[in-house]
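Heads up, the thing below is written out as structure tokens.
The structure presented is a predicted model; accordingly, all values stated were derived computationally and were not measured. All residue numbers in this chain count up from 1 along the given sequence.
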Amino acid sequence: MNVSTSSSSSSSSSSSFVNQTTPFCFSINSPPFMYNHTIASAYFSSVFGALGLSSNLIALVVLLKTFRCTHSRSRSSFLIFLCGLVVTDFMGLLVTSSIVITFHVTQFNWRLVDPHCHFCNFMGMSMVFYGLCPLLLGATMAVERFTGINRPFERSTNMPKRRAMSMVLMVWTFAGCVALLPLAGLGSYHMQKPGSWCFLNISSEGTDQVFSLLFSLVGLLSIATSFVLNTVSVVTLIKVCCGQDRMQRRRDYEVEMMVQLILIMVIASICWCPLLVFIAQTVLSGNGLQIRYLLLWLRFATWNQILDPWVYILFRRAVLKRVYPRFDWSRGSIMTLYPSFSGTIRRMTRTSSLGASLGQDESGALGKTDGMSTSSQKSPPSSP
């Protein structure tokens, strides 16, 4: 009896000792893990990291050269946003890929290297920060283009470069504040399988649920804002380029910026929506986290940082001139690439304007006939 009580007390004390010595970030998933799925291999991490870093470096060189040659302030502001997006993608891949690849090469033990969870918290913050920044920057660029195209007189005619830089810094600051929330007690960062990375704890309990929903909703709202504002801007730009009241000034650069912004939005939506929806669905449903789908959607999100730079590299007027040299690029708009589409839009705008003018003419004619009828119905003047 004494032996059993002593053994039970010793086992409880040993378990409490283990619980006390286990760092919080390893309390749910503690390395080492026996998870050898192909999608979590070193090959995937190395290929994705190399592609993303090289693509962003090329895009940064292209953007810097274009920035030096441009003379339009509105285009310079847009290029500043693009440079901020490229730098964010590059640094995100550099920080996260270096940690993941180092783990796969050395197979270090996180609990020995990081007994106080500082390293794990840093990587979790990096994942959240560099995940939200591209989505928030895309929404900010959509707001800037919407204001420039639809409300040109409500902003300063040309956004100064300092203002564009300050907006990029504000986006970085906001994303950084969100990433710091787990250190302030809202949510937490935990080790994730296969033991090569840390991320927010996707759980339906306590503050972890609030932080997971916050991360998901901020990303989804950014994508939705970009979609709505870009759609309105495109419709306005088509009317200006192809309508009856179009001016004879050049709008190639405006169309070029909108094409790049739309492609950025489409890529972000395809790459990030599965992960953001998966996080929200897992938290709201209360089901257990399926690590296979988490890793799959995370790979989808990584493609955003790889594909974004090629939008700036390929979809430029200088490249399109070489690809389509037979088109007359000296015309007033890049819409001349699609003459049938342009003609259709022109006919639609002419039809709508013609219908409006006919309506005005009909109302005027009715007014005139009413006036004539009333004048004819007046009593004739009395004869002397």
### Query
Applying side-chain hydrogen bond (donor to acceptor under 3.5 Å, both in side chains), which residue pairs with at least one partner in residues 271-287 are found, sequence neighbours left out?
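Residue pairs with at least one partner in residues 271-287: S285-N287.
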### Qualifying side-chain hydrogen bond (donor to acceptor under 3.5 Å, both in side chains) pairs with a residue from residues 52-62, counting only residues at least two apart or across chains
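For residues 52-62: S55-W310.
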Let me confirm one number: the [atom1]-[atom2] distance from [X] to [Y], rounded to the nearest 0.5 Å.
| X | Y | atom1 | atom2 | result |
| --- | --- | --- | --- | --- |
| M123 | M191 | CE | CE | 8.5 Å |
| L82 | M257 | CG | CE | 9.5 Å |
| F199 | I279 | CZ | CD1 | 4.5 Å |
| L60 | F67 | CG | CZ | 12.0 Å |
| L298 | F48 | CG | CZ | 9.5 Å |

Where [X] and [Y] come nearest, the two heavy atoms and their spacing:
| X | Y | value |
| --- | --- | --- |
| S45 | V100 | OG-CG1, 3.4 Å |
| A59 | V86 | CB-CG2, 4.2 Å |
| F211 | G187 | CB-CA, 3.8 Å |
| I101 | S46 | CD1-CA, 3.8 Å |

### Query
Do P134 and N304 touch side chain to side chain, with heavy atoms closer than 4.5 Å?
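Yes. Closest side-chain heavy atoms under 4.5 Å.
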What orientation do [X] and [Y] show, parallel under 30°, tilted 30 to 60°, or perpendicular over 60°?
| X | Y | result |
| --- | --- | --- |
| F119 | F108 | tilted |
| H190 | F24 | tilted |
| H116 | H118 | tilted |

### Message
The test is ring-ring contact (aromatic ring centres under 6.0 Å, His included); show your working for F300 and W303 and say whether it passes.
### Response
CA-CA 5 Å; F300 265 70; W303 273 108; 8.8 Å; no
### Task
Report the residues that fulfil side-chain hydrogen bond (donor to acceptor under 3.5 Å, both in side chains) with D208, sequence neighbours left out, ordered by chain and then residue number.
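For D208, the residues satisfying side-chain hydrogen bond (donor to acceptor under 3.5 Å, both in side chains) (neighbours in sequence not counted) are S188, N201.
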### Task
For V266, check side-chain contact (heavy atoms from CB on, under 4.5 Å) against everything at least two apart and list the hits.
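Partners of V266 under the side-chain contact (heavy atoms from CB on, under 4.5 Å) test: I262, I270.
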Would you give me the side-chain donor-acceptor pairs under 3.5 Å for residues 170-179, sequence neighbours excluded?
unit_1: W172; atom_1: NE1; unit_2: T88; atom_2: OG1; d: 3.0
unit_1: T173; atom_1: OG1; unit_2: L169; atom_2: O; d: 2.7

### Query
Can you list every disulfide bond (SG atoms under 2.5 Å apart) pair that touches residues 76-117, not counting sequence neighbours?
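For residues 76-117: C25-C117.
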